[in-house]
Protein chains: 2
Amino acid sequence: MTPPRDVRRAVDLRERDRRILDAAALAFREKGFHGVGMDEIGARAGLSGPSLYRHFSGKDEILATLLHLAMDELYEATAPTGADPADDLDRALRHHVRFALERRDLVVLHQRELGNLAEPWRPAFTARMGHYTRRWEELVARRLPNLDPDEVAAVTQAALGTVFSVSTWPARAHRLATTGGPDVVVELVLELVHGGLDGSLSGT
Amino acid sequence: MTPPRDVRRAVDLRERDRRILDAAALAFREKGFHGVGMDEIGARAGLSGPSLYRHFSGKDEILATLLHLAMDELYEATAPTGADPADDLDRALRHHVRFALERRDLVVLHQRELGNLAEPWRPAFTARMGHYTRRWEELVARRLPNLDPDEVAAVTQAALGTVFSVSTWPARAHRLATTGGPDVVVELVLELVHGGLDGSLSGT
DNA sequence: ACGGACTGTGAACGATCGTTATCATGGGCG
DNA sequence: CGCCCATGATAACGATCGTTCACAGTCCGT
């Protein structure tokens, strides 16, 4: 009998693969995709470099898998419920800030290593990115109906920039999360973003 | 007679060096520091790979020079005039947004390649980064006096994340700048940031 | 005109990279 | 037990990297 799968997720993994991916994500965040060798990824995961090829077809697939993992999480968070537009946007923002706090490695990769995604993974991922961006712009457009499409796109990117910056905050700014817990950071960022969007309600 | 220099700037260059640096900045932005070879940098600048060593001691120094160039521009923009704190913050923000639009390559490097800065350039640049961050936090703290230091650090990073996101906006969002000119983007981003900061005036 | 400093080139070196080949080990099952 | 497939390790290959070397052309002061 085939094991049950969550069809909406592009990636499903065994436990050993997760160790490899976690090690790779951390290493990629620290030194960049091209700055880390297969031997180092293997060593961090507790095995040798060439053994990684028993789990992935190569370094490129490891990166592609990590980017898809991040996209799984981020895309789901943008699902509209059809209810109050402001609630949908608020929920998406909260989920993103929390994810940027808990999986800094994945979010940093999503910001920095998109350009290093190789064939044949690039087209499929570019398509997913398109859907993701369109959903975000819908969330923003519903909240700010009097903006034209270019403005919606810009405001969306600015808001995402604010949210994702959490994953690159230096230790000084990150202390807020370690002392007060993640919720403190979530509320602070949401206050900033919502305040900015409220100010943009004035129209063109 | 020694040529006159602007002492506040860490970097001063001849014209040929600028071509090399521009080519390197563009290549680094597209493929990442480790993803570009010296031969490619040279080819983009109109010469061969080994010729670059007539102008720089190596690849690491090219990156270090680029990061210092970005820091020259960004640090100057954070100078307080002692006048109205709100004006100082506003001027710094405007300068940063405009710089993130005009020199996307340098700003992207400043965001992504700090970790690839090698010895012996790392300590000096880390020190400059510290001064830069502290000046920014002062600008924010003067504008929001009832925030504690950790909150100031977090709000500062979030605002910088918003501003610097401009340099990574995709084409869709960037069309605002090509159709309406850079000022449209500057005003939009400033409205977002100021709106967020106003909302945070409510205190802890 | 001569000599040296400056700036360019192609060839080549050692190191490291991603990947493959080859072999060892061990658990599940006839 | 004997077999096999999954999973590990070591050695090695070709490619590419950053860098150095040896050399050629050009400009300029004497």
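All chains are named by letter (A, B, ...) in the order of the sequence lines, taking the proteins before the strands, and each is independently numbered beginning at 1.
Whole-Å rounding puts the B:His55 NE2 to C:dT7 P distance at 6 Å. Taking atom CZ on B:Phe56 and atom P on C:dG8, their separation rounds to 12 Å, with Å as the unit. Computed from coordinates, the A:Arg16 CZ to D:dT7 C1' distance equals 9 Å when rounded to whole Å. The separation between A:Leu47 atom CG and C:dA24 atom P is 20 Å, rounded to whole Å. Spacing between atom CG of A:Leu63 and atom P of C:dG18 amounts to 12 Å, rounded to whole angstrom units.
The two residues A:Leu109 and A:Arg29 make their nearest non-hydrogen contact at CD2-N, 4.1 Å.
If you check the side chains of A:Gln111 and B:Thr168, you find no donor sitting under 3.5 Å from an acceptor.
Under 4.0 Å is where a charged nitrogen must lie from a carboxylate oxygen, and between B:Arg94 and B:Asp90 at least one such pair does. Between A:Asp72 and A:Arg128 there is a salt bridge, since a side-chain N of the basic residue sits under 4.0 Å from a carboxylate O of the acidic one. A salt bridge links A:Asp198 and A:Arg143; the closest N-O separation between the charged side-chain nitrogens and carboxylate oxygens is under 4.0 Å. Using a 4.0 Å cut-off between charged nitrogen and carboxylate oxygen, B:Asp84 and B:Arg142 do not count as a salt-bridge pair.
When heavy atoms are screened at a 4.0 angstrom cut-off, B:Ser48 is found touching the sugar-phosphate backbone but no base atom.
The phosphate of C:dT9 (OP1 or OP2) has a side-chain N or O of B:Ser51 nearer than 4.0 angstrom.
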Tell me, for nucleotides 11-27 of chain D in 5' to 3' order, what letter each nucleotide earns: B for a base near a protein heavy atom under 4.0 Å, S for only sugar-phosphate near one, - for neither?
B------SBB-BB----
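Of the residues B:Leu117, B:Leu21, B:Asp105, B:Asp22, the one that meets the side-chain contact (heavy atoms from CB on, under 4.5 Å) test with B:Leu66 is B:Leu21.
To the nearest 0.5 Å, the span separating OG on B:Ser51 from CG on B:Asp39 amounts to 10.0 Å.
Across the helix from C:dA1-D:dT30 to C:dG28-D:dC3, the helix axis at one end is tilted relative to the axis at the other end by 0° (nearest 10 degrees, each axis from five pairs).
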